[in-house]
2 protein chains.
Amino acid sequence: MAQDYVSAIWKAEEWSDEHAAAGDIAARLGVATSTVSGNLKKLVADGLVEHERYGAVTLTSDGRAAAVQMVRRHRLLESYLVERLGYGWDEVHDEAEHLEHAASETFIDRIDQELGFPERDPHGDLIPRRDGRVSTSDAVNLADLAVGTGGTIARISDEDPALLRYLGTHGIVLDTRVSVRDRVEVAGVLVLGRESGETGRPLETELGVLAARAIWVTPDD
Amino acid sequence: MAQDYVSAIWKAEEWSDEHAAAGDIAARLGVATSTVSGNLKKLVADGLVEHERYGAVTLTSDGRAAAVQMVRRHRLLESYLVERLGYGWDEVHDEAEHLEHAASETFIDRIDQELGFPERDPHGDLIPRRDGRVSTSDAVNLADLAVGTGGTIARISDEDPALLRYLGTHGIVLDTRVSVRDRVEVAGVLVLGRESGETGRPLETELGVLAARAIWVTPDD
DNA sequence: TGACAATGTTCGGGTATCCGAACATTGCTC
DNA sequence: GAGCAATGTTCGGATACCCGAACATTGTCA
């Protein structure tokens, strides 16, 4: 249980500046907020989180370390499933979610080695190292990119398989170069220019803002 | 929980003619017999086992089907760990025990395919097919073999890693040809003749009866 | 600033699993 | 076949989750 909570908190913080709220955690874990409230007490008692009443939930260094290990497990498992067992990038999240609790330290180390110590998972998320170090990314959310600027897709959130499939069929995959040609606020739509790796000619794609929120890009220099 | 119970019952029956007793199940699962007694009620209610008071525990056909699927998972996982992740045959049991609860049907099917639909696991145990069919083996326990007869090692119980290591260092591995040269009852020892696959000259090995009980051989014709 | 919406906590209660101790049954031995 | 050891069951109680409803707090907006 503790592991689910700390990694939910960690993920809530990873791409946001705000502290995790109890409600976020509840939503991520699919439980009632009253359940979260109760369980946070245990986590505080175990020294994994700090929690001010009606306020912010933050990880202690122990909590952070535990979370990072779970994230490492998750991302290595996702990578392995894609690389070695023929899974699609839209199929791996749930499977990894289950396996990450059952796999031993040894298992995780073996698949890490087997994959050649990868740095990114199939969705572009950075894989923490065994010692807990995590690289930082300067990627920004596609929805926040100014019109006229562009970048390379560095990460696509893995949480909605249907969205991943949708993006895949529209040619939005990791490492695609995109630029924001226009933003139609009333329609909630971005107009993207997109270059596939090989061909030179950029294609035009319309993308809903909801989809854009799941995409992070490394801005052009 | 149900899965642990049905597969414990199935395993208890696999190499024995007697019905599983509540105590056996408790020992296999590492819980108190009172716990087993209580949980058997639920399994009966769920239609997975039949249980006569103070008496035999037997699987229903549903229970048997569920058990066979768990055994299949376990043995495929063991095989995969050895074949693809460099585990030793003495290291796989506990890992597989955990993973078998977390892996999806898809995962199991993929590793099955990846391994080319193997028939035996690293300890010689037969792997049930996807549809639930299980081949039968005519192997007999080494401890029951008559002096002067011999056979080929078909199975070594995977439950004690230390014993597996011990046997490995003494050249007792799957498919070794052995013969019983003598049985010293008072010492609880078998004297074995052993032929490694390559060289012709048989070696002599003494083996405790406890070790012999973990070994099954296919008798010579 | 007062009232309401959003959010978080507490409380009572439900389920599943575990255990040990007391009790029941079985079966072996003399 | 009486008695005892081995085995199995029942019972009361602990823990760890989960929930919804009632209550508390915070923050927002007129």
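Proteins get letters first, then strands, A, B, ... in listed order; numbering begins at 1 in each. All values derive from a computational prediction rather than experimental measurement.
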Any N/O pairs under 3.5 Å between the protein and nucleotides 6-9 of chain C? List them or say none.
{"unit_1": "C/dG8", "atom_1": "OP1", "unit_2": "A/Ala22", "atom_2": "N", "d": "3.3"}
{"unit_1": "C/dG8", "atom_1": "OP2", "unit_2": "A/Gly23", "atom_2": "N", "d": "3.0"}
{"unit_1": "C/dT9", "atom_1": "OP1", "unit_2": "A/His51", "atom_2": "NE2", "d": "3.0"}
{"unit_1": "C/dT9", "atom_1": "OP2", "unit_2": "A/Ser37", "atom_2": "OG", "d": "2.9"}
{"unit_1": "C/dT9", "atom_1": "O5'", "unit_2": "A/Ser37", "atom_2": "OG", "d": "3.2"}
{"unit_1": "C/dT9", "atom_1": "O3'", "unit_2": "A/Arg53", "atom_2": "NH2", "d": "3.3"}

message: Looking at A/Arg110 and B/Glu95, is any side-chain nitrogen of the basic one under 4.0 Å from a carboxylate oxygen of the acidic one?
response: no
message: Does D/dC19 have OP1 or OP2 under 4.0 Å away from a side-chain N or O of A/Thr35?
response: yes
- line: note: B/Tyr5, atom OH; C/dC18, atom C1'; distance rounded to Å ~ 9 Å
- prompt: Given atom CD of B/Glu18 and atom C1' of C/dT26, what is their separation to the nearest angstrom?
  reply: 16 Å
message: Could you tell me how far apart A/His19 (NE2) and D/dT26 (P) are, to the nearest whole angstrom?
response: 18 Å
- request: Report the distance from atom CE of A/Met1 to atom P of D/dC17, rounded to the nearest whole Å.
  value: 4 Å
task: Could you state the atom-to-atom distance from CG of B/Leu43 to P of C/dA16 in whole Å?
output: 13 Å
field: Residues A/Arg75, A/Glu100: salt bridge by 4.0 Å N-O rule
entry: no
task: For A/Leu29 and D/dA16, give me the distance from atom CG to atom P, rounded to whole Å.
output: 18 Å
Salt-bridge present (A/Glu119, A/Arg129; N to O < 4.0 Å): yes
task: Check the surroundings of atom NE2 in A/His98: do more than 12 heavy atoms from other residues, nucleotides or ligands lie under 6.0 Å from it?
output: no
query: Are any of the side-chain nitrogens in B/Asp112 or B/Arg72 under 4.0 Å away from the carboxylate oxygens of its partner?
result: yes
- prompt: Angle class for the B/His93/B/His74 ring planes (parallel below 30°, perpendicular above 60°, tilted otherwise)?
  reply: perpendicular
